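Below you'll find the structure, written out as structure tokens, and then a few comments.
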Amino acid sequence: MTSTDAASQNQKLLLIDGHSLAFRSFYGTPVDVFVNSQGQHTNAVHGFLSTLLSLIKSEKPSHIVAAFDLAGGTFRTEEYGEYKGGRAETPQEFLGQVELIQRLLEQLNIPSVTVERFEADDIVATLAKIGQQEGMEVEIVSGDRDAFQLVNDTVTVLYPVTTGPSKGIRRMDPAAVEEKYKIPPHLYPDLAAITGEQADNLPGVPGVGPGFAAKWINEYGNLDGIIENKEKIKGKKGEALREHLDDVLRNRRLNRLVDDLELPITLADAAEFGPRDPETLNELFDELEFRSIRQRLAEVFSDLAQAAAARIDISVESVQTIESAQEFSDFVEGALAAITAAERPVAVPERLARALVLYPVVDEDAAEAGNAHEQNLTGAVLLGGARAGWIKFAEIDAATEKALSDWLADENQKKIVFDTKLNVKSLAARGFRLAGVVEDPVLSSYVCGHVPSARRRFFEAMMEDLTDAYLRTEFPKAEVKESAQGELFSLEAEVDLEYVALVARYIQELAYALHADLAEQNQLKLYEEIELPLATVLAQMERAGIAVDSTVLAELKDHYNTFIKQATEEAYRLIDHEVNLGSPKQLQAVLFEELELPTTRKLKSGYSTDAESMADLLTRIDPDSKGAQFLLALQMYRDYTKLKQTVEGLQKATAEDGRIHTTFQQNVAATGRLSSTDPNLQNIPIRTEEGRKIRGAFVVDPRTVDGQQYSTLLTADYSQIEMRIMVHLAQDEKLIEAYESGEDLHRFVGSEVFGVAPEDVTPEMRAKVKAMSYGLAYGLSRFGLSKQLGIPVEEAAQLTVNYFKRFGDVGRFLRGTLKEAHQDGYTETMFGRRRNLPDLGSSNRARREAAERAALNAPIQGSAADIMKIAMINVAARLEAEGLKTRMLLQIHDELILEVAPGEEEAAAAVLSEEMSRAVELRVPLDVQVGSGTSWHEAGH
DNA sequence: GTGAAGGCTTA
DNA sequence: GTAAGCCTTCACA
């Protein structure tokens with residue numbers, strides 16, 4: 001193979017018929033969504049760029065050229081005045097968009113070629129020929145069928161289909177053309193000459209379509225052959241052909257593409273595409289008011305840049321074992337100096353230029369034996385650049401431990417830590433305090449929109465996913481070898497130093513890439529002022545846990561069990577046999593076959609047996625019937641089984657210290673909320689009296705631990721925080737006033753919507769507007785509202801109309817939120833937290849509408865989450881600053897639970913309610929309700 | 001053992 | 001209609 005062959009081997013030339021793609025994009029992208037504030041429509045520009053980016057990503061061209069038509073005549077109009085005549089006038093909204101596309105292409109360094117008196121097609125044909133001669137693969141993006149004549153083994157036409165079900169790019173290779181037209185591509189112009197081309201205003205032979213044209217071509221070889229044998233063609237169609245032969249010949253002259261034009265560019269000019277100057281490009285995007293697509297563009301081109309650059313090895317140079325205080329300080333100094341010296345794929349962000357990776361290493365054996373909520377540490381890896389140090393806790397003297405301890409607690413010694421919350425806990429268990437964490441990939445990736453799926457929340461999976469996404473390489477997995485017995489076991493019992501140091505190096509490179517992404521997305525503030533400090537607060541809460549009274553739990557379990565037994569026996573008696581009441585499948589057989597009850601809503605297989613369906617069934621059947629009695633027994637069985645399971649879960653989760661230590665997930669909820677697992681303490685029952693009893697088992701710790709006692713539990717919750725945020729964001733003066741006056745909001749809204757005095761608002765009216773108001777924050781539809789309230793859809797629709805008539809600002813706010821979300825592809829909370837919603841662009845209606853509801857809710861729910869997080873940080877800081885021993889234990893979205901030290905009751909209540917209500921200043925007051933008692937049940941009253 | 005389906009709890 | 005987590009059953013490895 002010669003060197004030229006090698007060079008051209010992977011070269012691919014992408015040719016774009018600019019006007020054609022612009023037009024296709026115009027009709028394939030909603031026109032009313034893409035308008036900038038100057039009133040310039042930009043939908044064609046957006047669609048064009050979007051297609052271009054997908055093509056660059058999927059086709060990986062080495063060269064790109066766009067060809068455009070010029071205004072004014074071409075050699076074709078000179079020959080035939082009506083060529084392309086009779087077209088509808090260009091839509092008003094399309095005007096100016098081609099110029100914008102050309103400016104965009106210029107910024108992307110993609111040549112836009114025009115030639116006087118010729119069309120874009122001719123330029124494309126010329127370039128296709130040149131590319132082919134150079135041995136390149138050629139792909140032509142064009143919605144003009146004339147381009148099909150260029151198709152051969154190395155030239156493909158990518159034909160955009162912008163509407164209909166088969167939306168996307170159709171790849172027209174020789175086989176595809178032949179399949180569609182039953183003739184080889186080079187004969188396509190012969191066929192088109194006969195049938196004519198409506199789009200070009202070229203009439204063909206009347207009554208002859210592509211079927212007959214193809215038949216003739218196959219019979220006589222080509223158009224010339226047909227003309228030679230024209231007398232042999234019989235019937236009306238033969239007659240019509242002979243009559244319109246001049247048209248056919250003219251069509252054939254006009255649809256022949258010219259492939260030997262003189263062009264103002266060479267192929268070399270097409271090879272250097274990519275953003276020219278980020279600032280100018282951003283200015284153009286600002287002008288277009290495009291947001292989300294910038295990210296896509298950056299991704300596409302950073303992929304290219306990374307693929308083009310030689311892959312940089314992520315490796316560790318040396319691992320030094322640190323055994324003395326002197327070695328420790330020498331190492332820290334050396335590692336800090338090594339940061340900038342190391343070779344790496346990503347530049348070091350300035351804020352991380354003097355930060356070392358801290359990677360505490362878990363003792364696997366001890367971890368399995370000990371309790372799960374704290375890891376047992378065997379030592380720690382420190383790393384700067386490619387230099388690693390290893391400190392084994394068991395093998396250092398007091399002076400070394402002191403040096404390490406001081407370094408960990410010094411907030412001026414900056415650290416990069418993967419999972420701050422976990423490591424603050426683990427280090428605390430060993431008596432170390434951790435401060436100065438400036439980067440945590442768990443949190444930065446979350447803020448950047450990376451929400452790990454439930455199954456990929458563990459360390460290795462996250463490292464794999466983030467390494468793939470940000471470093472474009474593979475994360476090396478821990479080695480697992482087979483033992484002689486064939487069992488799999490990890491070799492990490494004896495710490496594999498080389499490996500853990502390498503992991504630290506990957507954490508470092510991820511930190512750099514993620515931190516840069518944070519800065520780019522303008523989210524450093526949210527990250528540094530909320531998420532990072534919150535991690536330490538949460539670590540303290542998890543470490544504290546909440547005390548439970550195991551006697552109460554045991555009694556509750558017995559209590560619930562008696563009802564379960566009663567319900568089970570009653571159910572069996574009614575149907576004369578046993579059945580597993582926990583099995584929906586078996587229940588279906590009993591209810592709908594044996595008892596022949598009316599059917600409920602359909603599921604994938606069978607009919608629903610859920611509580612709502614059962615309640616509905618009860619209203620439809622004779623209350624004295626066997627069926628009704630069975631349903632009542634089932635309801636009781638379900639209610640009490642659920643409660644018993646909850647109690648059992650809590651019993652299992654109670655640690656040796658008599659407390660339950662939940663884990664707060666800080667990086668899994670799409671809106672910015674926390675979640676709680678192992679066990680979930682955010683869904684402890686409250687709505688029924690029987691369920692509420694479980695809250696009585698959560699108590700203030702009766703014991704004295706390390707000389708510390710506690711006297712009460714203190715709870716505080718925000719009242720109607722999401723409604724208040726909606727009113728604030730919508731700036732609805734009437735609702736703001738209602739909140740300021742301290743009036744019952746739903747009563748006020750009810751009086752407005754139903755046009756009665758506030759005192760005349762009935763409970764039904766109040767319930768309706770309350771559901772409506774909350775529905776708004778959930779992106780409600782009139783169908784959802786009608787179902788919720790059990791009223792006809794028309795009444796729900798009328799209610800909505802009346803609501804927005806009175807509170808127009810709320811409607812405007814919601815519409816504006818949706819429009820912005822569509823434009824940007826994401827929503828933002830008051831503090832700039834983003835939620836990406838790629839499904840807003842889905843062609844699947846159900847998915848799109850679900851994304852729209854999420855878009856309406858995310859800014860509201862997310863802002864509430866932000867506010868609570870700020871309050872938590874401030875509460876923790878105030879408690880510490882005032883030297884109080886009172887501590888925070890739980891957060892349940894809009895509620896905080898504190899354990900109060902004796903004598904601090906008043907001070908703690910003041911701190912809590914003050915910090916919660918002043919976490920943010922809104923146009924409406926943030927009411928906080930406080931309660932206290934010796935149990936959660938009592939405090940919640 | 002694993003994963004989906006169905007069901008239920010919270011804010 | 002939003003956002004979560006956890007339980008049991010059942011079919012499949």
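Computed from a predicted structure; not experimentally measured. Chain identifiers are assigned alphabetically (A, B, ...) following the order of the sequence lines, protein sequences preceding nucleic acid strands; residue numbering begins at 1 within each chain.
For the 3.5 Å distance criterion, the side chains of A/Q798 and A/N802 qualify, holding a donor opposite an acceptor. Side-chain polar atoms of A/T671 and A/Q861 form a donor-acceptor pair below 3.5 angstrom. When only modelled atom types and interatomic distance are considered, A/D866 and A/T829 share a side-chain donor-acceptor pair under 3.5 Å. In this structure, a donor-acceptor pair under 3.5 Å is absent between the side chains of A/H893 and A/E722. No hydrogens or angles considered: a donor-acceptor pair under 3.5 Å links the side chains of A/S773 and A/Y803. Counting only N and O atoms by type, the side chains of A/E542 and A/T662 include no donor and acceptor under 3.5 Å apart.
Across residues 775-788 of chain A, A/G775, A/Y778, A/L780, A/S781, A/L785, A/K787, A/Q788 each have a non-hydrogen atom less than 4.0 Å from an atom of DNA chain C (numbered order). For the contact set between residues 588-610 of chain A and DNA chain B, defined by any heavy atom under 4.0 Å, the members are A/L603, A/K604, A/S605, A/S608, A/T609, A/D610. For residues 669-687 of chain A, proximity to DNA chain C is found at A/A669, A/A670, A/T671, A/R673, A/S675, A/S676, A/T677, A/D678, A/N680, A/N683, defined as any non-hydrogen atom under 4.0 angstrom from a strand atom.
Among the protein residues, A/A864 comes within range of no part of the nucleic acid, since none of its heavy atoms lies under 4.0 Å from any strand. Among the atoms of the strands shown, none is found under 4.0 Å from any heavy atom of A/R692. A/A796 comes within 4.0 angstrom of nothing in the nucleic acid, heavy atoms only. Using a 4.0 Å heavy-atom distance criterion, A/D717 is classed as making no nucleic acid contact. Base contact: A/Q861 has a heavy atom under 4.0 Å from a base atom.
With rounding to whole Å, A/F664 atom CZ is found 14 Å from B/dA11 atom P. Atom-to-atom, CD of A/Q891 to P of B/dA11 comes out at 12 Å; the value is rounded to the nearest Å. In this structure, A/I564 places its CD1 atom 15 Å from P of B/dC8, rounding to the nearest Å. In this entry the distance linking CH2 of A/W936 with P of B/dT10 reads 11 Å, nearest Å. Taking atom CG of A/L581 as the reference point, atom P of B/dC8 lies 13 Å away to the nearest angstrom. Spacing between atom CZ of A/R695 and atom C1' of B/dT10 amounts to 8 Å, rounded to whole angstrom units. Taking atom CD1 of residue A/I725 and atom P of nucleotide B/dA11, one finds them 16 Å apart after rounding to whole Å.
For the ring-ring contact (aromatic ring centres under 6.0 Å, His included) condition, no pair includes a residue of residues 845-874 of chain A, sequence neighbours left out.
Of the charged side-chain nitrogens involved, none lies within less than 4.0 Å of a carboxylate oxygen, so that A/R847 and A/E852 do not count as a salt-bridged pair. In this structure, A/D616 does not pair ionically with A/R601, as no charged nitrogen and carboxylate oxygen lie closer than 4.0 Å. The pair A/R812-A/D732 does not count as a salt bridge, with every side-chain nitrogen at least 4.0 angstrom from each carboxylate oxygen.
Checked against salt bridge (Lys or Arg N to Asp or Glu O under 4.0 Å), A/E689 has the following partners two or more places apart in sequence or in another chain: A/R692.
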TODO: Applying side-chain hydrogen bond (donor to acceptor under 3.5 Å, both in side chains), run through A/Q588 and A/T609 and close with a yes or a no.
DONE: CA-CA 7 Å; A/Q588 283 170 23; A/T609 67; 5.7 Å; no
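Residues A/Y446 and A/H450 keep their aromatic ring centres 6.0 Å or farther apart.
Residue A/A864 comes nearest to A/I721 through the heavy atom pair CB-CG2, 4.1 Å, listed as atom of the first residue, atom of the second, then distance.
Nucleotides of DNA chain C that come within less than 4.0 Å of any heavy atom of chain A span, from the 5' end to the 3' end, C/dG1 to C/dA11.
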